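Right, one structure below, let's go through it.
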Amino acid sequence: MRLVLLGAPGAGKGTQAVFLKERHGLAHISTGDIFRHNLKNNTPLGLEAKKYMDAGQLVPDELVMKMVDAKLSEFGENDGFMLDGFPRTVPQAEFLESKIKLDGVILFKISDEAIVKRLTSRAVCKECGAVTNIHEHDKCPSCGGELYRRDDDNEDTIRSRLKVFHEQTEALEEFYRARNLLLEVDATGMPEEIFARVLELLSK
Ligand code: AMP
C-alpha cells in the first residue's frame, strides 16, 4: 500500500504514521524528518532548508523533489510506504504522480485554532521520535527518552506555516479528489480514536 498523509502542520500525520507503520508495516517517509536529520548533521541540504523551515516557509520544490526522488529509489516495486509532509504543492503532486501510483490520500481535517493549541504544547522524544504534550510529560512516556520542542513550534512560525498550508497545500484536496484518491478523516480527539477512523476508512 502506498499512501500520502495530507493535512496542516500539527494535524497528527506523524502520530498516525507511527500507528500505521506498526499495523501495516508501511515505511514512513517524512520530508520534515529528512530535513531535520540533515540539519543535525550539518549537511548543505540541511543548512539550506533551515532558512525556510525557521521562517515557516516551504523549501523550494526543486530541492524537495530531488530529495524525494532519491528516497523513492530506495524502495522496490512491492514495498509499501506512507509519505508524510509530501507533496505540499501542486508541482510536487504532479512530480509524485509521474513517479508512483498511489492507493490513497488520507486527509486529516482539523481547525487552525485546535492546531495552534496542539503545536504550542507539542514535545518530541529525542530517542524514539514519539510526539507528546509538554504539559503532561517531562520524559517520553514510551521510552523514557529526553523530550525537546521543535524550533518551528512557536506561535508566530505556526501561524506562518498554517498560512502557507492554506495558500499552497490545500489545493491538493481538489487535486486528489479529482483522482478519486481522497479519504477524509476527522482529526480531532485522541490519537487512538483518530486511528480507529483511519482503519475504518482503509478497510472500505
Ligand atoms: P514538517 O515536519 O512536515 O512539519 O516539515 C517541517 C518543515 O520542513 C516545513 O515547515 C517546511 O519548511 C519543510 N518541508 C517539509 N516537507 C516539505 C515539502 N514537501 N515541501 C517544502 N517544504 C517542506
Side-chain angles (χ1 to χ4, degrees), residues 2-18 20-21 27-72 81-100 102 105-108 110 112 114-126 128-132 147-173 175-176 187:
R2 291 178 167 191
L3 302 172
V4 162
L5 310 185
L6 187 65
K13 304 184 295 293
T15 302
Q16 296 302 315
V18 174
L20 279 166
K21 187 174 175 179
H28 178 199
I29 306 173
S30 155
T31 41
D33 282 350
I34 302 175
F35 285 132
R36 281 183 289 276
H37 180 76
N38 271 275
L39 188 55
K40 213 170 137 193
N41 293 307
N42 278 316
T43 69
L45 175 67
L47 295 172
E48 178 65 17
K50 181 177 163 51
K51 294 190 242 165
Y52 302 95
M53 293 169 82
D54 283 350
Q57 299 296 316
L58 293 185
V59 176
D61 281 342
E62 227 170 90
L63 220 60
V64 190
M65 293 189 304
K66 201 168 147 208
M67 182 179 90
V68 170
D69 202 16
K71 190 76 200 166
L72 292 178
F81 53 77
M82 307 156 272
L83 285 157
D84 162 8
F86 185 92
R88 265 173 151 106
T89 63
V90 172
Q92 290 181 15
E94 286 167 344
F95 161 81
L96 187 64
E97 193 170 46
S98 74
K99 290 280 166 184
I100 60 162
L102 286 171
V105 174
I106 306 177
L107 172 65
F108 294 91
I110 181 168
D112 285 5
I115 283 175
V116 172
K117 205 166 155 218
R118 230 184 230 187
L119 291 188
T120 47
S121 57
R122 175 162 79 173
V124 185
C125 175
K126 274 189 181 167
C128 71
V131 175
T132 186
L147 299 176
Y148 75 100
R149 303 280 327 279
R150 272 174 49 171
D151 289 346
D152 56 356
D153 278 349
N154 63 76
E155 187 158 349
D156 281 353
T157 312
I158 293 165
R159 300 250 176 226
S160 305
R161 288 156 68 203
L162 282 170
K163 188 163 176 276
V164 165
F165 172 77
H166 292 304
E167 287 174 358
Q168 302 192 53
T169 309
E170 219 162 34
L172 297 184
E173 283 184 38
F175 183 94
Y176 287 121

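The model shown is predicted, which means the values in this text are computed figures rather than measured ones. When reading the values below, keep in mind they use all heavy atoms of this one structure, side chains included, and skip hydrogens, waters and symmetry mates. Start at 1 and go down the list; that is how both ligands and their atoms are numbered.
For atom 22 (N) of ligand 1, the closest heavy atom belonging to the protein is Val59 N, 3.0 Å. In this structure, the protein non-hydrogen atom closest to atom 4 (O) of ligand 1 is Arg150 NH2, 3.1 Å. Among all non-hydrogen protein atoms, the one lying nearest atom 9 (C) of ligand 1 is Arg88 NH2, 3.9 Å.
With a 4.0 Å heavy-atom cut-off, ligand 1 is reached by the side chain of Val64 but not by its N, CA, C or O. Neither the backbone nor the side chain of Met65 has a heavy atom within less than 4.0 Å of ligand 1.
Arg88 places no side-chain N or O within donor-acceptor distance of the main-chain N or O of Gln92, the cut-off being under 3.5 Å. With Arg149 contributing its side chain and Thr120 its backbone, the two residues share a donor-acceptor pair below 3.5 Å.
The ligand atoms of ligand 1 that sit less than 4.0 angstrom from a heavy atom of Gln92 are 18 (C), 19 (N), 20 (N), 21 (C). Under a 4.0 Å criterion applied to the non-hydrogen atoms of Gln57, ligand 1 contributes the atoms 11 (C), 12 (O). The Arg161 neighbourhood of ligand 1 comprises atoms 4 (O), with distances under 4.0 Å to a heavy atom of that residue. Near Arg36, meaning under 4.0 Å from any of its heavy atoms, are these atoms of ligand 1: 2 (O), 6 (C). Which parts of ligand 1 touch Thr31 is read off a 4.0 Å heavy-atom cut-off, strictly below it: atoms 15 (C), 16 (N), 17 (C), 19 (N).
Counting heavy atoms of neighbouring residues, nucleotides and ligands inside a 6.0 Å radius, atom NE2 of His37 does not exceed 12 of them.
For Phe35, no nitrogen or oxygen atom sits less than 3.5 Å from a nitrogen or oxygen atom of ligand 1, counting backbone and side chain alike.
Salt-bridge formation is not detected for the pair Lys66/Glu62: no Lys NZ or Arg NE/NH1/NH2 atom is positioned less than 4.0 Å from an Asp or Glu carboxylate oxygen. Ionic pairing of Arg36 and Asp33 is present here: one or more N-O contacts between side-chain nitrogen and carboxylate oxygen are shorter than 4.0 angstrom. Electrostatic pairing of Asp153 and Arg161 counts as a salt bridge here, judged by a charged N lying under 4.0 Å from a carboxylate O.
Annotation: side chain of Leu102 is in contact with side chain of Tyr176 (closest heavy-atom distance under 4.5 Å).
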* **Pair Asp152-Thr157, side-chain hydrogen bond (donor to acceptor under 3.5 Å, both in side chains): steps then yes or no** => CA-CA 6 Å; Asp152 56 356; Thr157 312; over 6 Å; no
